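Have a look at the structure below before the remarks.
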Amino acid sequence: MTQDSQIKTEETQDSQTAEVQAQEANTENTPSQEEQTEETQTANVASEQEATISETNEEDKLREILATKEKENVQLKDALLRQQAELANFKRRQADSTREQLKYASQNLISELLPMHDNLERALAHLHEQEDVSEAAKQFITGIEMVKKEFIQVLEKESVQEISPKGEEFNPNQHEAISVSDNKEFENNTVVDVIQKGYSYHDRILRPALVSVAKH
């Protein structure tokens, strides 16, 4: 064998050896199918875990949002109930006020008319004291008595009641004592005489009766 042929043969062998070594190195560096499968499974598990964690976090956030909204809903309901209660109370107060105004609408007018009634009674009392009364005077007295009767009917229609407590126990809520009497015919603290009649209007006292009370 010539020297050139020997060199070529050695070069060929070296080349083949290098290729074998390169293949072996590639084989060592390339993962096996089992390793690739295991890595894939591990990656899938990790991905699933991340997805589960993400879903859990989302659920927690949704729960927090839902709890916040439920709390706000309860607060809004409470506020609405309070407003409804306040509105109902306001309407009730307004209705009570309106009803009371209507109930006592005539109070001022009646208070101004009472002195006229007093004058009618005084006039009649004076006329009845007269001994010699003409026919014309009698007719006049009858006319005044009719006016007085109609006047009293109007007052009663408006829920005005007369307070004339002679012989009754003194009541400071309805009577005003302007004098005392030692009259033994009446028990102590009893109304002996009515100087001026009083009047009530519904449940209010328009004017207390002016009285004399027994004290002994």
Side-chain angles (χ1 to χ4, degrees), residues 77-216:
K77 285 183 178 179
D78 290 342
L80 178 60
L81 290 174
R82 285 195 297 270
Q83 290 180 352
Q84 289 176 339
E86 290 175 359
L87 179 59
N89 289 333
F90 173 77
K91 289 182 177 179
R92 179 181 55 77
R93 289 193 298 269
Q94 287 296 104
D96 291 343
S97 177
T98 301
R99 187 164 49 249
E100 185 168 346
Q101 288 177 1
L102 292 173
K103 182 178 180 180
Y104 301 106
S106 303
Q107 180 172 338
N108 292 335
L109 176 60
I110 293 171
S111 296
E112 293 178 0
L113 292 176
L114 290 179
M116 295 175 59
H117 180 260
D118 295 337
N119 291 333
L120 284 175
E121 287 196 330
R122 292 191 190 98
L124 284 172
H126 176 71
L127 290 172
H128 284 305
E129 289 176 356
Q130 303 301 317
E131 296 181 357
D132 296 327
V133 179
S134 64
E135 190 65 29
K138 290 180 181 179
Q139 292 179 359
F140 179 72
I141 293 171
T142 301
I144 294 178
E145 288 177 341
M146 290 178 62
V147 171
K148 177 189 173 185
K149 183 178 180 181
E150 291 178 358
F151 197 101
I152 291 175
Q153 288 175 348
V154 171
L155 292 178
E156 290 177 348
K157 187 177 179 181
E158 292 295 324
S159 300
V160 177
Q161 298 295 325
E162 184 181 272
I163 302 175
S164 184
K166 186 174 181 179
E168 298 178 5
E169 183 178 1
F170 177 75
N171 182 350
N173 295 322
Q174 296 183 352
H175 314 150
E176 181 179 344
I178 61 173
S179 65
V180 294
S181 172
D182 60 355
N183 192 330
K184 299 298 191 294
E185 294 181 3
F186 293 88
E187 294 183 4
N188 193 39
N189 206 39
T190 300
V191 175
V192 175
D193 192 18
V194 177
I195 291 86
Q196 185 182 69
K197 293 178 182 178
Y199 292 92
S200 65
Y201 179 49
H202 294 292
D203 54 349
R204 293 181 178 178
I205 300 298
L206 282 179
R207 189 178 78 185
L210 303 181
V211 299
S212 175
V213 183
K215 293 292 182 182
H216 45 73

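Keep in mind the model is a prediction, meaning the values are calculated, not measured.
- Of the charged side-chain nitrogens involved, none lies within less than 4.0 Å of a carboxylate oxygen, so that R93 and D96 do not count as a salt-bridged pair.
- The CG atom of N108 sits 9.5 Å away from atom CG of L206, with the distance rounded to the nearest 0.5 Å.
- A heavy-atom distance below 4.5 Å is found between the side chains of N89 and R92.
- Smallest separation of non-hydrogen atoms from H202 and Y104: CB-CE2, 3.8 Å.
- Between the CD atom of Q196 and the CZ atom of R122 there is a distance of 6.0 Å, given to the nearest 0.5 Å.
- In this structure a side-chain-to-backbone donor-acceptor pair under 3.5 Å is present from S134 to A137.
- For Q84, the CD atom sits in a packed shell: over 12 heavy atoms of surrounding residues, nucleotides or ligands are nearer than 6.0 Å.
- More than 12 non-hydrogen atoms from other residues, nucleotides or ligands lie less than 6.0 angstrom from NZ of K103.
- Partner V211 forms a side-chain contact (heavy atoms from CB on, under 4.5 Å) with one of I178, V191, T190, V192 and no other, that one being V191.
- Of the candidates L113, I152, I110, I110 is the only one forming a side-chain contact (heavy atoms from CB on, under 4.5 Å) with V160.
- Atom-to-atom distance recorded for I163:CD1 and I205:CD1 is 4.0 Å, nearest 0.5 angstrom.
- L120 and K148 get closest at one heavy-atom pair: CD1-CA, 4.2 Å.
- With no hydrogens or angles considered, no side-chain donor-acceptor pair links N188 and K215 at under 3.5 Å.
- The neighbour count for H128 NE2, taken as heavy atoms of other residues, nucleotides or ligands under 6.0 Å away, is above 12.
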Candidate pair V154 and E150, rule side chain to side chain contact (heavy atoms under 4.5 Å, CB included), full reasoning: CA-CA 6 Å; V154 171; E150 291 178 358; 5.6 Å; no

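- Within 6.0 Å of CD on E169 lie no more than 12 heavy atoms contributed by other residues, nucleotides or ligands.
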After noting the C-alpha distance and the side-chain angles of E162 and Y199, does the key distance pass the side chain to side chain contact (heavy atoms under 4.5 Å, CB included) rule? CA-CA 5 Å; E162 184 181 272; Y199 292 92; 4.0 Å; yes

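- With rounding to the nearest 0.5 Å, the separation of OG in S97 from CZ in R99 is 10.0 Å.
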Just do the side chain to side chain contact (heavy atoms under 4.5 Å, CB included) check on S111 and Y201 with the steps written out, would you? CA-CA 10 Å; S111 296; Y201 179 49; over 6 Å; no

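- The existence of a salt bridge linking R204 and E100 is confirmed by a sub-4.0 Å separation between a basic side-chain nitrogen and an acidic carboxylate oxygen.
- Note that NZ of K197 is 5.0 Å distant from OG of S164, once rounded to the nearest 0.5 Å.
- Other residues, nucleotides and ligands contribute only 12 or fewer heavy atoms inside 6.0 Å of the CD atom of E187.
- When every heavy atom of P165 is checked against every heavy atom of A209, the shortest pair comes out as CD-CB, 4.0 Å.
- Judged by distance alone, the side chain of H175 and the main-chain N or O of N171 form a donor-acceptor pair under 3.5 Å.
- The distance from atom CZ of F151 to atom CD1 of I144, rounded to the nearest 0.5 Å, is 14.0 Å.
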Take K77 and L80, measure what side chain to side chain contact (heavy atoms under 4.5 Å, CB included) needs, and give me the verdict at the end. CA-CA 5 Å; K77 285 183 178 179; L80 178 60; 5.6 Å; no

